[in-house]
Amino acid sequence: MPELPEVEVITRELRSMFKGKRIKEVLVYAERVIRGVSKDEFVKELTGKRVIEVIRKGKAILFNVEDLWLIIHLKINGQIYISESKPPWSMIKFRFEGEKRCLYLCDFRGLVEIRLSKDPYKETFLAKMGPDALSEEFTFEYFYSKIKDSRSKIKSLIMDQGFIAGIGNIYAAESLFRAKIRPDRIAKSLSEEEAKKLYVAIKDVLQDSICYGAAVKKYFVDGKDRGDFSDKFLVYNREGQPCRICGEKIVKITLSGRGTYFCPVCQV
DNA sequence: CGGGGCTCCTGTGCGC
DNA sequence: TGCGCACAGGAGCCCC
């Protein structure tokens, strides 16, 4: 669920609601989602501090709270709810000054991660992260320089967060379909022209999804309707259904242990 | 260097 | 109808 577009939509919402606000209360229901510090230290470090900015890099949400950064990774099923009452599977609650509704971090699987850092780009997983797929640093030159030498399958490569940050299983499938490239192609077998098509497709599909409100409607409950990009998927989760371009049945294979969907006619 | 398998968890959906 | 077993959008780790 939460890949770059979903996390971007959520981050924008969090920024508009909580930027400039002071954290009044932090309540931890599930200690194990906190990494690196104890629960008591976590609460003590955050309580009373003001949110300076809320940004995203790749699939991570970063709250700058004065001298500190709070980093949230939603993993597979993590959800953020803005609510007056406690939703199911709440792991942590944040209450802000002058705001009735609290921020709840929820996950029925409990795989979400939250951590603190003074310098996240040096101290955390962000240090190993490649350029964000929608950032200026993610240039075609950078993209192609890696592709032309890599023996990995192209889908695995574009999902490698150390190479490009933000693409998960869904948008990997969708961008490869748009670029008409099979997911199991070895990266270095792509022509420069194919790589260019894929580069453009990645930026386009992520941007389109964000414009449509991404696929977060049923996960992010704040009373607002924001569409659902999952209606727009061309191959993801469409095994056996007709390709929207040529009518051929969409095929599902397993690649690096992940379900992988493509059109055997359109994608070469 | 690439990839397979296992791990953290639990809910859903499909096939028998 | 009910049960049991993959499988699930992430990612770190170990191992070959």
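Within every chain, numbering begins at 1; the chains are lettered A, B, ... in the order of the sequence lines, protein sequences first and strands thereafter. The figures here come from the full heavy-atom set of this structure, side chains too, leaving out hydrogens, waters and symmetry mates.
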*Give me the ring orientation class for A:Y121 and A:W69: parallel if the planes are under 30° apart, tilted from 30 to 60°, perpendicular past 60°.*
perpendicular

*Between B:dG11, C:dG10, C:dC7, which one does the side chain of A:K252 approach most closely?*
C:dC7

*Expressed as a whole number of Å, how far does the P atom of C:dG9 sit from that of B:dC14?*
15 Å

*asked:* Distance check, rounded to the nearest 0.5 Å: A:K57 atom NZ versus A:L62 atom CG?
replied: 9.5 Å

*asked:* Could you check whether A:Y236 and A:Y171 have their ring centres less than 6.0 Å apart?
replied: no

_Candidates C:dG12, B:dC9, C:dG9 - which lies nearest the side chain of A:I170_ = C:dG9

_P gap between B:dT12 and C:dA11, integer Å_ = 23 Å

*Please state how far atom CH2 in A:W89 lies from atom C1' in B:dC9, giving the value in whole angstrom units.*
12 Å

_Which label fits A:F143 and A:F140: parallel for a plane angle under 30°, tilted from 30 to 60°, or perpendicular past 60°?_
tilted

*Starting from the 5' end of DNA chain C, give me the residue, A:N169 or A:K128, whose nearest nucleotide shows up first.*
A:N169

_Without decimals, in angstroms, what is the distance between A:E113 CD and C:dG12 P?_
8 Å

*Starting at the 5' end of nucleotides 2-7 of chain B, put B wherever the base has a protein heavy atom under 4.0 Å, S where only the sugar-phosphate does, and a dash everywhere else.*
SSS---

_From C:dG9, C:dA11, B:dC9, nucleotide with atom closest to A:K75 side chain_ = C:dA11

*Contact class for A:G168 (heavy atom, under 4.0 Å): base, sugar-phosphate, or nothing?*
sugar-phosphate

*For atom C1', what is the distance between C:dA6 and B:dC6, given to the nearest Å?*
16 Å

_Strictly by Watson-Crick or wobble contacts shorter than 3.5 Å, is anything paired with C:dG9, and which nucleotide is it?_
none

_Watson-Crick or G-U wobble partner of B:dC9, both distances under 3.5 Å_ = none

_What is the distance, to the nearest angstrom, from the CD atom on A:E6 to the P atom on C:dG10?_
10 Å

*So, does A:D119 use its side chain to make a donor-acceptor pair with the main chain of A:E123 at under 3.5 Å?*
no

*asked:* Using atom C1' in both nucleotides, what's the gap between B:dC8 and C:dG4 to the nearest angstrom?
replied: 23 Å

